[in-house]
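Single-structure report; data block below.
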Amino acid sequence: MVPSSHPRAVSLLIREKLVSGFDSGLVAKEGLIAHGRGETFDYLLGEKTTKNAKKAIKAASLALILAKKPVISVNGNIAALCAKEIVQLAKIVGAKIEVNLFYGDKKRKQNIAKLLRKNGAKEILGLDPRSSRRISGLDSPRRVVDKDGIYAADVVLVPLEDGNRTLALARAGKKVITFDLNPLSRTAQTADITIVDNVVRGLRELIKECKNSKNQKIQFDNKKNLSEAIIEIRKNLARRARYA
Ligand code: PTJ
């Protein structure tokens with residue numbers, strides 16, 4: 001039996017959260033598939049927050065603290081996995097929270113908003129069609145954003161994002177921060193700051209970092225950091241192959 005603090009047991013718990021999130025109308029069917037892809041990369045990364053992820057977390061904390069209009073974009077997977085942490089982070093850095101779904105669904109949006117409110121969120125954007133604006137260069141429902149949220153933001157945290165919108169947000173002049181376990185995904189490669197970590201672990205680290213941040217400047221190169229994440233995966237594969 002795997003002890004409950006073991007990374008594997010933690011991963012199984014995360015999987016269970018996703019499944020019950022699906023059953024309670026938070027997560028899209030496709031969200032389960034996306035999670036499966038994430039699990040694979042998490043396994044290859046050793047199911048831990050790497051040094052490389054910590055570097056990106058530090059850069060992300062500074063970007064959020066220094067932002068004038070930071071916004072956190074919430075989808076079904078994020079709501080199911082870390083609603084409490086999203087609300088906590090938004091309070092610490094003064095960010096707005098916007099529900100923004102790839103697979104647009106009014107009922108799911110309402111369910112997500114309800115959960116965020118239950119976790120202490122006061123204002124939730126992305127629900128009122130009268131405030132909606134469109135980001136150009138996109139076809140998916142994610143092009144519809146809130147005029148007071150993502151549309152006006154200078155820094156956007158978009159965990160588990162799709163590549164097209166990351167690109168569209170970058171083209172609209174926003175600094176994009178993402179969590180993505182796949183360092184090769186288009187989102188990972190297009191964002192300004194990519195945290196290659198499981199959002200469940202990484203978000204907690206980001207909150208800690210935002211609380212402790214001293215506003216110091218750091219040098220951060222996303223492409224270099226992503227290469228390091230890929231090297232980490234290769235090292236883990238080589239280590240496992242040796243013991244196979
Ligand atoms: O709720 P919706 O309608 O907005 O849909 C959300 C999903 C996630 C289904 C949608 O955004 C989507 O299809 O995303 P993608 O394009 O599948 O990308 C998801 C990325 O997140 C993949 O690269 C996964 O490896 C990665 N990922 C999955 N789970 C995690 C993760 N990254 C960090 N932490 C995770 N727990």
Side-chain angles (χ1 to χ4, degrees), residues 7 10-19 21-50 52-53 56-57 60 72-83 85-86 97-113 115-116 126-127 135 138-146 150 156-169 176-191 193-206 226 229-230 233:
V10 176
S11 290
L12 292 175
L13 263 178
I14 297 175
R15 187 190 292 177
E16 280 314 306
K17 274 192 167 188
L18 245 292
V19 171
F22 174 74
D23 288 339
S24 54
L26 296 166
V27 175
K29 282 198 292 288
E30 296 81 353
L32 298 176
I33 300 170
H35 183 75
R37 278 206 307 287
E39 261 191 16
T40 310
F41 281 98
D42 206 6
Y43 189 72
L44 293 174
L45 282 158
E47 294 169 313
K48 61 178 192 298
T49 301
T50 61
N52 162 272
I57 287 171
I72 305 174
S73 180
V74 179
N75 64 26
N77 289 45
I78 296 303
L81 293 177
C82 30
E85 289 78 10
I86 289 291
I97 299 176
E98 178 166 342
V99 179
N100 188 269
L101 303 182
F102 186 80
Y103 301 98
D105 175 332
K106 208 168 155 200
K107 180 74 186 126
R108 199 152 62 84
K109 266 193 175 182
Q110 294 300 338
N111 292 344
I112 293 169
L115 178 67
L116 290 166
L127 305 172
I135 305 178
L138 268 185
D139 295 330
S140 78
R142 270 193 170 169
R143 72 182 183 279
V144 180
V145 293
D146 198 295
I150 292 172
V156 197
L157 172 61
V158 281
L160 278 71
E161 179 66 336
D162 76 288
N164 287 344
R165 198 173 74 138
T166 308
L167 193 61
L169 290 173
V176 181
I177 304 170
T178 193
F179 281 91
D180 197 325
L181 279 159
N182 177 1
L184 296 165
S185 80
R186 273 193 320 130
T187 291
Q189 295 283 335
T190 315
I193 301 173
T194 306
I195 303 165
V196 182
D197 194 10
N198 196 312
V199 67
V200 176
R201 286 190 306 266
L203 200 50
R204 288 188 197 134
E205 284 291 322
L206 180 58
L226 284 168
I230 295 164
I233 290 176

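A quick note: this is a predicted structure, and the numbers were derived from the prediction, not measured. In each ligand, atom 1 is the first atom listed, and ligand 1 is the first ligand listed.
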Are any of the N/O atoms in [X] less than 3.5 Å from those in ligand 1?
| X | value |
| --- | --- |
| Asp162 | no |
| Leu181 | yes |
| Arg108 | yes |
| Glu30 | no |
| Gly31 | no |
| Asn77 | no |

Best match, [options]: closest heavy atom to [atom]:
| atom | options | value |
| --- | --- | --- |
| atom 28 (C) of ligand 1 | Pro183, Gly36, Ala34 | Ala34 |
| atom 14 (O) of ligand 1 | Ile112, Thr40, Leu160 | Leu160 |
| atom 36 (N) of ligand 1 | Leu18, Asn198, Asn182 | Asn198 |

For [atom], grab the closest protein heavy atom and report residue, atom and distance to one decimal in Å.
| atom | answer |
| --- | --- |
| atom 10 (C) of ligand 1 | Phe102 CB, 4.2 Å |
| atom 16 (O) of ligand 1 | Arg37 NH2, 3.9 Å |
| atom 6 (C) of ligand 1 | Asn75 ND2, 3.7 Å |
| atom 33 (C) of ligand 1 | Asp197 O, 3.3 Å |
| atom 34 (N) of ligand 1 | Val199 N, 2.9 Å |

Are side-chain heavy atoms of [X] and [Y] found at a separation under 4.5 Å?
| X | Y | result |
| --- | --- | --- |
| Asn198 | Leu181 | yes |
| Phe179 | Leu206 | yes |
| Ile112 | Leu101 | yes |
| Arg186 | Asn164 | yes |
| His35 | Ile14 | yes |
| Leu13 | Lys17 | no |

Flag for [Y]-[X]: side-chain donor and acceptor within less than 3.5 Å:
| X | Y | answer |
| --- | --- | --- |
| Thr187 | Asp180 | no |
| Ser11 | Glu47 | yes |
| Arg165 | Ser73 | yes |

**Request:** Keeping the roles fixed (side chain from Gln189, backbone from Pro183), state whether a donor-acceptor pair exists under 3.5 Å.
**Result:** yes
Atoms in ligand 1 flagged as close to [X], the criterion being non-hydrogen separation under 4.0 Å:
| X | answer |
| --- | --- |
| Gly76 | 1 (O) |
| Leu101 | 1 (O), 3 (O), 4 (O) |
| Asp180 | 20 (C), 21 (O), 22 (C), 23 (O), 24 (C), 25 (O), 26 (C), 32 (N) |

